[in-house]
Every structure is written in structure tokens, then in C-alpha cells.
Number of protein chains: 2
Amino acid sequence: MTGNSNKQTRIQGINRSIILDAALEVFSAYGFRGSTIDQIAEKAGMSKPNLLYYFPRKDDIYVTVLEKTLEDWLAPFKDIDPAGDPVEELRKYTIQKLKMSAQQPERSQLFANEILHGAPSIQKFLKSNLKRLVDEKAGVIADWIAAGKLAPVDPYHLIFMIWATTQHYADFDVQVRAILPEETAKADFFDKAADSILTILLNGIMPR
Amino acid sequence: MTGNSNKQTRIQGINRSIILDAALEVFSAYGFRGSTIDQIAEKAGMSKPNLLYYFPRKDDIYVTVLEKTLEDWLAPFKDIDPAGDPVEELRKYTIQKLKMSAQQPERSQLFANEILHGAPSIQKFLKSNLKRLVDEKAGVIADWIAAGKLAPVDPYHLIFMIWATTQHYADFDVQVRAILPEETAKADFFDKAADSILTILLNGIMPR
DNA sequence: GTCTATACTATGATAGAC
DNA sequence: GTCTATCATAGTATAGAC
């Protein structure tokens, strides 16, 4: 009977993952209240009751997707290496983040929507885990500045600025496309954006 | 009867404005689908049917608030003066935008929510009015660069960067507060934020 | 013209039966 | 694992009172 029970577990895992993929799409596009279980079920290719067999409540699906997304989303931030070259580390991080905005805007949008509406589901996470992580990386940046390897800027606001700028291309996607219709259609748009952003971030806009 | 009709018109004007204020609060906090007419009516201190007497449909309230907000929101951008000193104009604009994020985060949040979910109500506005305006100001910046008054950066991405960064303090308010609990409590938080941002924007983070 | 009370209807989350 | 029923919510409509 082990073979049988294993198979069921595997189906469960597959179905849960299908549901979560569908939920990410729907929730990121319409927000929590704006999304319906019907929509998610349809996109997942299963009936609503069947979906509810895996996640009894709408909120369960949402929180699961959100937590899963946060992990991925913060991975490159965690990867900032105190031992690396400061400018290179921040350049790498910015490019990485921008690439994620290009390839998986839904993750950014899901997160943005949650924060925008007061972060009802992840308040605690922000105040504990995220704060701790940001404090740590801000410390790293402060050390770099103390060592003269970066200009003396506020580490926290620098982090906010990189977050804001890179996520803008995911969260405000439709606005960017409305303003730059031809450019955004090109394959190298995000490479060019990365160049432009890094030029400003590294050197500023004051004439030399 | 002119006195009478004037008085009625005045009541209309007052009530409409009360409703729109309440609607801004509610819609910015919960998004379109997440907000209910009941919530708006309660915050406006009137019954739901009474509110519907002024705005027959939920969508009417939303669109009216959104359009009204956009006007205010873009005013300082329009004010960027081609004849002014480039660095000073952009500094002024950034500070102004940041001040608005501090004082009226709801406006930014309402707008962010609309864009985030695909801008269903203002697609046309983005592609026509906003695009035209941004093209114009990007031209101004390009001229400044050509005159050697600004470093050679991409005008569009510079504008996006200023928007993203300044609006971040409104849209991601709860996150900023979660990470900087003591600092955000202080009265001069936004002044310091402005300093930090402008230092990075003007000079970059490369060590000199 | 302004406001209230009430009712209708669709939607969507959830529970229980098969 | 699936289908149907329920129940609350919320948008909208109507009738009429002040």
C-alpha cells in the first residue's frame, strides 16, 4: 500500500503546486478581494470544490502564495556579499532585481499589492524577519562606506531606492509601456534600463 | 427661487466633496474591488441610498476620485521649468513629490493600485495625456544634457527613478515604517529622506 | 431637490451530502 | 474526489417621504 499512498502524496504535491501557480497569476492581477476562487480554479483546470479540498479557505491559498513568493523575492538580497566589491555587489543586485521584474512581474505585483493595502497578512514578517535582514545589509553598506569604498550615503534610503526603482518596472509595467511603447517592445529593453539606472545610481546626474 | 436653487446646488457640491474625500480614503486603502459603497457611505456619514443619489454607480465615484487625484498629482511635474536651473528644478520636483507622499499618501496609493492592476480606468489617459507630458519633459531634460548642464543619462529612466523613489514612501509606507520604526516617528523623517535621496541622485554612490 | 426604507439580484465563500 | 445547497455580502433599483 505504500506505492499507492506515495502516488496520492505526489498528486497532492502536483495539484498544490498547480493551484499556487494559478493563484499567483490571479491574485497578482486582481488583488485579494478582487480575485475569486472560481478564477483560480478555472486557471488551475479543476473544479472549485476540488481546489477547496487542497486549500479549505481562500486565505490559505493567498498566504501560502505570498510566503512562497517572499522567499524567492528576497533571495538575491540575502546574497549580497559583505566580502565582495561594494559597487559590483550592488550592481549585481540591481541587475538581478530588474531581471526578476522583467521575468516575473507577478511576484512583485503580488507583494506590492499586499504592502499597498497595509500588509494585513505579513505585518509581523516585515517587522521581524525583513527588518532584521535589512538592518544586517544596511550594516554591510555602512561598513563599506566607512572603508571608503562607497560614497557616504544613507544605507536604508539607498536600499529603498534600489527596491523602488527596480520594482517600478514590474509594478508600474502598464505605465512604462504606455510611455515607452516602442522601447518596451524591444528585446533589450531591460538591459538598457539597467544601464540607465546604474549610470544614475553610480554617478548621479550632476554634470562633471 | 434663485436663492433656493443656489442653496441646493451648494448642498450638492458639499456632499459630493464629502463623498469624494471618503471615497479617496476607502479606495486607496482597499482598492476598487476591496472597497464597498457601505464603507464609503459610513465614512461620509450618510446612507448608502443617499450616496447613490449623488453617484449612481460605484464606478462613477471611483473614476471621479481618480481623475481629480491625477490632476493634483501631476501638477508639480508640469511645473518643471525648462528655463530654470536643471539641478535645482529636479531637486525642487523631488522634494515636492516626497512632500506629497508624506502628506497625502492616499493619492499615491490610489494611483498605484490602479496602475498595479492594469489601469483599467485610465489606460487611455496614460497613452495620450501622460505620454505627451512625459515626452515633453524628457525633451527638456535632453536639452539640459545637450547643454552640458546635466550628466548624460536617459531622461525617461531618470523620470521613472524619481517617480518610483518618491512614491515608494507613500505606497510602501507600512514597509518603510516596519523597517525604520524610530526614524519614521520623527518629525523630520521626510526631510532626511529627501536629503539622502538627493545626495544619491545628484552624486551617485561611487566613492570620489 | 434631497433623503430614507426596503427589496431585488448576482456573486462568491463555505458546508455538507453523495 | 465531486456536486449541490446555503448563506452572507454587496451592488443596484424602486417607492415614497420631507
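So that the names make sense, note that chain A is the first sequence line, chain B the second, and so on, each numbered from 1.
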>> If you compare every side-chain N and O of Tyr53(B) against the phosphate oxygens of dC3(C) (OP1, OP2), does one of them come in below 4.0 Å?
In response: no
>> Of the options dT6(C), dT14(C), dG1(D), whose atoms approach the side-chain atoms of Lys58(A) most closely?
In response: dT14(C)
> Of the nucleotides dT2(C), dT12(D), dA13(C), which one has an atom closest to the side chain of Ile11(B)?
Replying inline: dT2(C)
> Under 4.0 Å between a side-chain N or O of Asn50(A) and OP1 or OP2 of dG1(D)?
Replying inline: no
>> For dC3(C) and Tyr54(B) - does any side-chain N or O of the residue sit under 4.0 Å from the phosphate oxygens OP1/OP2?
In response: yes
> The side chain of Pro49(B) lies closest to which of these nucleotides: dC3(D), dT14(C), dA13(D)?
Replying inline: dA13(D)
>> Check this for me: does any side-chain nitrogen of one of Lys68(A) and Asp72(A) sit under 4.0 Å from a carboxylate oxygen of the other?
In response: no
> Does Ser47(B) make a side-chain N or O approach to OP1 or OP2 of dC3(C) shorter than 4.0 Å?
Replying inline: no
>> Check this one for me: any side-chain N or O of Asn15(B) less than 4.0 Å away from OP1 or OP2 of dC3(C)?
In response: yes
>> Side-chain N or O of Gln12(B) versus OP1/OP2 of dT2(C): is the shortest distance under 4.0 Å?
In response: yes
>> Determine whether His117(A) and Asn113(B) satisfy the following criterion, side-chain contact (heavy atoms from CB on, under 4.5 Å), listing intermediate values before the conclusion.
In response: CA-CA 9 Å; His117(A) 298 330; Asn113(B) 186 70; 3.0 Å; yes
> Should Lys192(A) and Glu183(A) count as side-chain neighbours, where that means a heavy-atom distance under 4.5 Å?
Replying inline: no
> Taking the inter-plane angle between the rings of Tyr169(A) and His157(B) on a 0 to 90° scale, is it parallel (under 30°), tilted (30 to 60°) or perpendicular (over 60°)?
Replying inline: tilted
> If you check the Thr36(A) side chain, which of dG12(C), dA10(D), dA13(D) turns out closest?
Replying inline: dG12(C)
> Of all the choices, dC3(C), dA10(D), dG11(D), which nucleotide is nearest to the side chain of Arg33(A) once you look at every atom?
Replying inline: dA10(D)
> Can you find a donor-acceptor pair, distance only, under 3.5 Å between Lys48(B) side chain and dG11(D) base?
Replying inline: yes
> Looking at Arg57(B), does any N or O in its side chain come under 4.0 Å of the phosphate oxygens OP1/OP2 on dG11(D)?
Replying inline: no
